[in-house]
There are 2 protein chains.
Amino acid sequence: MTDTEKREPKFSRLDADARRLSLMEATLHCLSTLGQRATSVRAICAQAGVSPGLLRHYFDGKEDLVASAYEYLTKKLYDSFHDLIGNDELDAEQVLKDSFEILLNSEWVSKEMLGAWVAFWSIQQTDERMQKQHHEANHEVRKIFAQLLTNYATFKNLNVNDQDIKFATIELMGLTDGLWLELCLDSDFYNGEQAVTICMNWLNSFKERFSH
Amino acid sequence: MTDTEKREPKFSRLDADARRLSLMEATLHCLSTLGQRATSVRAICAQAGVSPGLLRHYFDGKEDLVASAYEYLTKKLYDSFHDLIGNDELDAEQVLKDSFEILLNSEWVSKEMLGAWVAFWSIQQTDERMQKQHHEANHEVRKIFAQLLTNYATFKNLNVNDQDIKFATIELMGLTDGLWLELCLDSDFYNGEQAVTICMNWLNSFKERFSH
DNA sequence: TTATTAATTATACAAATGTAAAATAACTTG
DNA sequence: CAAGTTATTTTACATTTGTATAATTAATAA
């Protein structure tokens with residue numbers, strides 16, 4: 001090799017944010033495909049295409065990276081809901097239906113997606129930071145669903161008070177979370193489309209219960 | 001020490017079934033309190049009060065032990081339901097209420113209990129034996145709930161067909177599973193008693209929907 | 001008591017883990 | 001082009017992991 005030949009760079013430097021993002025996405029990918037057990041620092045960094053030592057340059061450690069990836073995934077889900085609400089073209093019923101579609105009949109429903117969440121819950125068990133994050137995210141989603149149901153009640157001219165909305169929200173979120181979990185674990189008994197139909201039936205029951 | 005003195009035995013031998021049971025319960029205890037990550041062979045055997053080497057004498061390995069513990073826990077839950085059904089003293093509505101109590105307002109609801117299930121789901125992701133076990137257990141519970149709803153429909157003289165029961169079962173199991181999961185993860189928004197009330201309200205809606 | 005059996009322990013080991021520290025090299029600035 | 005900065009790699013290391021094997025020892029039977 002002569003001096004005039006340009007060598008290929010062994011690696012390229014990345015913007016800090018881009019590198020952090022890439023590591024978080026690699027973490028999600030590993031948790032999804034390999035499971036929590038096999039998601040090691042080396043596996044994550046291999047997926048991200050960097051050497052293992054780099055992790056500590058951007059995160060306090062593996063735990064910090066996983067917690068950050070959780071935050072990232074949670075925000076992603078939250079954003080997809082918020083986009084729906086912001087759309088003024090849709091009526092309250094359609095927004096709810098679209099929400100059900102996202103939750104129960106999209107890429108959010110899969111054994112792989114469950115893998116990531118299960119890993120997070122597992123860590124949450126002994127990690128206070130993760131507990132707090134879950135609590136706050138849960139609270140946000142709960143507020144959104146309560147708002148969606150309130151809009152729906154107004155749309156259908158229902159006779160409901162705050163307490164009714166609160167309990168209906170608990171019931172609806174319980175239903176969607178449960179259907180999501182069961183679909184992820186084993187979709188042999190019913191599919192996402194049927195799950196959406198079941199939620200719409202629930203919504204209809206909700207309407208009947210409070211219409212007068 | 002003279003020959004006439006009796007030495008304390010360093011350990012005592014146990015019946016094979018008893019030892020297996022003890023190891024499975026130690027596994028559940030570790031998964032619950034330590035989380036999946038810290039549930040090592042050494043931790044399990046310490047909890048069971050035996051040396052680490054013994055595990056391989058009763059199980060093919062750690063994976064086999066965990067899968068067996070899962071089977072054991074599943075059966076335990078299944079049995080507690082079956083006891084309810086067998087009780088002829090109770091009417092269909094009361095049996096359902098008691099089922100909700102077990103699922104949502106008992107020792108089955110805790111961060112610790114979730115720890116065990118989360119560990120199982122995590123393994124299930126990459127373990128076919130666990131997947132099969134979950135599928136079969138799920139199928140059994142689904143049959144039980146379908147039967148409970150059928151009894152209830154007869155009891156209340158409802159006008160339902162098999163398809164109605166099937167979808168109502170999916171909805172009810174989704175609801176209970178979701179409420180259970182949310183309660184285990186974070187019980188700040190509502191408690192087990194309220195969850196039971198919500199399920200009873202659902203049952204009432206079910207009755208209204210099909211009564212004529 | 002003595003011999004036999006096998007449940008249990010003790011020891012060892014290779015592989016994998018998370019992370020610290022030093023070495024390298026890509027980029028920036030002058 | 002030269003020097004400085006720091007993102008990235010390389011290497012190393014102490015722990016922990018699951019498991020295999022050999023050494024004990026409790027229980028059983030003769």
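All figures in this text were calculated on a predicted structure; none of them were measured in a lab. Here is the naming used below: chain letters follow the sequence lines, and residue numbers restart at 1 for every chain.
- With sequence neighbours excluded, no residue satisfies ring-ring contact (aromatic ring centres under 6.0 Å, His included) with A/Phe100.
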In residues 21-36 of chain A, what donor-acceptor pairs under 3.5 Å come from side-chain atoms, sequence neighbours left out?
from	atom 1	to	atom 2	distance (Å)
A/Glu25	OE2	A/Tyr72	OH	2.7
A/Thr27	OG1	A/Leu23	O	2.8
A/His29	ND1	A/Gln47	OE1	3.3
A/Ser32	OG	A/Leu28	O	2.8
A/Ser32	OG	A/Glu112	O	3.3
A/Thr33	OG1	A/His29	O	2.7
A/Gln36	OE1	A/Ser122	OG	3.4

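- The nearest whole Å value for the distance from the CD1 atom in A/Ile44 to the C1' atom in D/dT8 is 18 Å.
- Scanning for ring-ring contact (aromatic ring centres under 6.0 Å, His included) contacts around B/Trp202 gives B/Phe206, with sequence neighbours left out.
- Ion pairing between B/Lys75 and B/Asp79 holds under the 4.0 Å rule for side-chain N and carboxylate O.
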Show every donor-acceptor pair shorter than 3.5 Å between a side-chain atom in residues 139-146 of chain A and any protein atom, with sequence neighbours excluded, or say none if there are none.
from	atom 1	to	atom 2	distance (Å)
A/Arg142	NH2	B/Glu182	OE1	3.2

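- For B/His57, the ring-ring contact (aromatic ring centres under 6.0 Å, His included) criterion is met by no residue, not counting sequence neighbours.
- Whole-Å rounding puts the B/Asp15 CG to D/dA26 P distance at 19 Å.
- Take B/Lys76 and apply the salt bridge (Lys or Arg N to Asp or Glu O under 4.0 Å) test, not counting sequence neighbours, and it matches no residue.
- Near DNA chain C, defined here as any heavy-atom distance below 4.0 Å, the residues from residues 16-41 of chain B are B/Arg19, listed numerically.
- Taking the six-membered ring for Trp and thresholds of 30 and 60 degrees, A/Trp121 and B/Trp121 have ring planes more than 60 degrees apart, a perpendicular arrangement.
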Distance-only criterion, 3.5 Å: show the donor-acceptor pairs between side-chain atoms of residues 85-93 of chain A and protein atoms not counting sequence neighbours.
from	atom 1	to	atom 2	distance (Å)
A/Asn87	OD1	A/Glu89	N	2.9
A/Asp91	OD1	A/Glu93	N	3.0
A/Asp91	OD1	A/Gln94	N	2.8
A/Glu93	OE1	A/Lys156	NZ	3.2

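- Applying the salt bridge (Lys or Arg N to Asp or Glu O under 4.0 Å) criterion to A/Glu63, with sequence neighbours excluded, gives B/Arg37.
- In this structure, B/Leu14 atom CG and C/dT9 atom C1' are separated by 15 Å, rounded to whole Å.
- Atom NZ in A/Lys62 sits roughly 13 Å away from atom C1' in D/dT16 (whole-Å rounding).
- OP1 or OP2 of C/dA7 has not a single side-chain nitrogen or oxygen of B/Tyr58 nearer than 4.0 Å.
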Polar-atom pairs under 3.5 Å, protein N or O versus N or O of nucleotides 9-13 of chain D: list them with distances, or write none.
from	atom 1	to	atom 2	distance (Å)
D/dT9	OP2	A/Ser51	N	2.7
D/dT9	OP2	A/Ser51	OG	2.9
D/dT9	O5'	A/Ser51	OG	3.3

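- By the side chain to side chain donor-acceptor pair (under 3.5 Å) test, B/Gln131 is found to be paired with no residue, residues two or more places apart in sequence or in another chain being considered.
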Using nucleotides 1-6 of chain C, report all nitrogen or oxygen pairs with the protein that are shorter than 3.5 Å.
from	atom 1	to	atom 2	distance (Å)
C/dA6	N3	B/Arg13	NH2	2.8

